[in-house]
Participant: 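Below: one structure in structure tokens.
In what follows, chains carry the letters A, B, and so on, assigned in the order in which the sequence lines appear, proteins first and then strands, with residues in each chain numbered from 1.
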Amino acid sequence: MGARFEMVLPLTGWRPEDLRAGGEDVVALIEGLHRRWSRFDRASLVSAIVRDAGQRVRVDSETHRLLTLAETARERSGGAFAAAYGEDGRGVAMELTPGAVRLPQSASLDVGGIAKGVALDLAAERLQDEGVERAFLHGGASSAAAIGLGPGDAPWRVRLAGFGVDGAPEPEVELKDACLSVSLVHPAERGAAHVIDRRTGLTARAEGGAACVGRLGHAGLADARATALGIGAEWDDTHEDHETAWSTWTGGYTSDAAPGAAEPARETAR
Amino acid sequence: MTDQDGSESAMSRRGFIAQSAGALTAVAIAPTLVRAGLASAEPLRVGIAGVGRRGRALIAELQTFEQVTLVAIADSDARRLTSAKRRAPDAQAFESAEAMIDSGGLDAVFVATPTHLHRAPVERALIAGLHVYCEAPIAHTRDDARAIARAARASDKVVQAGFLARSNPVYELARTFYRSDAVRDPATLRAQHHAKTSWRTPARDPKRDKALNWRLDPDVSLGLAGEWGGHQFDVFHWYLGQYPERVRGGGAVRLHEDGRTTPDTVWCQMDFPGGVPMLWDGTLANSYGQRYEVLHGTNAAIKLGWSHGWMFKEADAPTQGWEVYANRQQFHRDEGITLIADATQRASQGKLQDGVGLPHDSLWYGIESFLRAILEGSTPSCTPDEGFRATSVAIAAADAVRTGETIDITPEMLKV
């Protein structure tokens, strides 16, 4: 996944050694997911799926969950987000059957736009399975998951860096049993934007960005949603209001403007 | 391991094997062909006894095999069972291995309970007529290990011990070099397993803590030397075709001052026949170098890092024709020839780079060997007898660390 993951585990009734062990368990989980999902590692499962494009490949349940979510995101983003893509860079559908996936012949697979979020979802589940009631985790400082309350029995507060423009303070969000994903291109990164609009197969013209807050367990979908909204695509929310309860911020920097000249961030509560 | 060693930048695109020796062809294993070859059989109905970290890894690997349907999981810990059930929603959950085995409907069982709790489910599964994959070491006492091996001998079912080097394609390939005289006479053997981890499982309830943190319990745990070292000692058993004659060891708690008495840092020295020394150390306090084995021979050294392997030749060693075309990697002042499993076939397909490093975890190959043994009648990569002997050596190493005394490994200790 090529990102640094960090977590905060408050000592609320736990012995330090036990909580450390819980954290180690999460680190081991994420390292294992990285080995399976990295497209740069020839030994990864994602590489195997690409090598065997056109054939049915059996996958573990966590990878199946990742790919299923990627397909959901492709549909809801109108194709702007897609993990699988053809030789022209445009998104293509994967054929998912129970326990298996088939990529179209010659297609490639890049789960980078969704893997961090799914990894956080799985990590949060692992901690909750062990009885951890409070935790904050992030991957690459762009995806986060918050379990329970933070310090001072208050929600975890996160500042949306880059979303405060024209002298306005950067907004803060409060997270409790919630996830957050941010997709934002800083002006300094103009011309090097890494987000591909899979409707065209071309690098997206960054128009600021988007931040999505949803319920805990939906960080994967939040990743894809923020990516799609960040490049100006629509997202079909009709199926998921009740399950994700998105709050969305859009705006921030634009690709053509220096900080301070962009649209102020806007919050849309759903 | 070995991201720091496994840089792709130094790899050559020239075919390692294009003009290579026939020995390489003999060990070629193509995972896709294996999948296809096994696909004609009816799916085996399998269960997993014990779904802690190892059991969860088994779930993930088993789900990638066409020939397997995971129909049952068992664990006495409710939290673990719930967590595993999420990963295997179609599997029936049981609160004990015994209940799972007695429920029927299984062809094979993977036993991944704590080491000291292997014997009962293995014996019960064999009585029930099931094939058994038993994690390694296969037991924490020689009596239990011997009982498992004897029960396996008395059964007509496949029993495989989980010493995974023996099913690892890189290790198989390197072994052909070792045994073909390329390495020549062994001078020294060296291995380590380093990790920065507590080796603990989180548990607030004292009863649950005792059950889950069995590896830190000196009454039942073989410690680092037994649980980790045992797998690496078996590499040397397999390569040399010999077992050590004695072992010395020691250890201490260097980092994790959490009340444990089981050392977090240990060392062992073994004498193999002919006076060949083996040095091993394991620690939970530092991860540098991670996990590897090295065989230093008079013509070459072989370094094995589970997913990768290399050969380092001496300047006065004979050169073989294929070496001209070999992939090489630089390690400070040493240059290693990359050992690539299935190199012949990959070279012919122009996919040699795909073979640098294994496409699966070592556990996958262990499972594959087990399935092959069941479906095709082949010999499992680690038989119960071999599993017993490797476990017996691991127990001796654990005893040496615990007592600080030299332990003689007698022929009787290695006799089933």
Participant: Which heavy-atom pair separates N286(B) from H194(B) by the least distance, and what is that distance?
Facilitator: O-CB, 3.0 Å

Participant: Name the region of D209(B), side chain, backbone, both or neither, that has any atom closer than 4.5 Å to a heavy atom of chain A.
Facilitator: side chain

Participant: Might you point out which heavy atoms bring V170(B) and S307(B) nearest each other, and give the distance in Å?
Facilitator: CG2-O, 3.8 Å

Participant: Chain A: which of H256(B), K196(B), R86(B) shares the most heavy-atom pairs with it under 4.5 Å?
Facilitator: R86(B)

Participant: If you measure only the distance, is there a donor-acceptor pair under 3.5 Å linking the side chains of T12(A) and E133(A)?
Facilitator: no

Participant: Considering only heavy atoms, which portion of R36(A) lies under 4.5 Å from any heavy atom of chain B: side chain, backbone, both, or neither?
Facilitator: side chain

Participant: Taking every non-hydrogen pair under 4.5 Å, which of S61(A), G13(A), A100(A) racks up the most with chain B?
Facilitator: S61(A)

Participant: Indicate yes or no: does R56(B) engage D25(A) in a salt bridge with an N to O separation below 4.0 Å.
Facilitator: yes

Participant: What option among T82(B), D258(B), T197(B) has the most heavy-atom pairs under 4.5 Å with chain A?
Facilitator: T197(B)

Participant: What option among Q128(A), E62(A), R126(A) has the most heavy-atom pairs under 4.5 Å with chain B?
Facilitator: R126(A)

Participant: Flag the one option from R200(B), R79(B), R204(B) with the top tally of heavy-atom pairs under 4.5 Å to chain A.
Facilitator: R204(B)

Participant: Less than 4.5 Å to any heavy atom of chain A: does that hold for the side chain of R80(B), its backbone, both, or neither?
Facilitator: neither

Participant: Any chance you could lay out the side-chain hydrogen bond (donor to acceptor under 3.5 Å, both in side chains) test for S47(A) and R51(A), step after step, and finish with the verdict?
Facilitator: CA-CA 6 Å; S47(A) 292; R51(A) 271 199 301 276; 5.0 Å; no

Participant: Heavy-atom distance under 4.5 Å to chain A: side chain of L62(B), backbone, both or neither?
Facilitator: backbone

Participant: State whether the side chain of D177(A) and the backbone N or O of I147(A) hold a donor-acceptor pair below 3.5 Å, judged by distance alone.
Facilitator: no

Participant: Taking E17(A) first and then R20(A), would you say they form a salt bridge - that is, a charged N and a carboxylate O separated by under 4.0 Å?
Facilitator: no

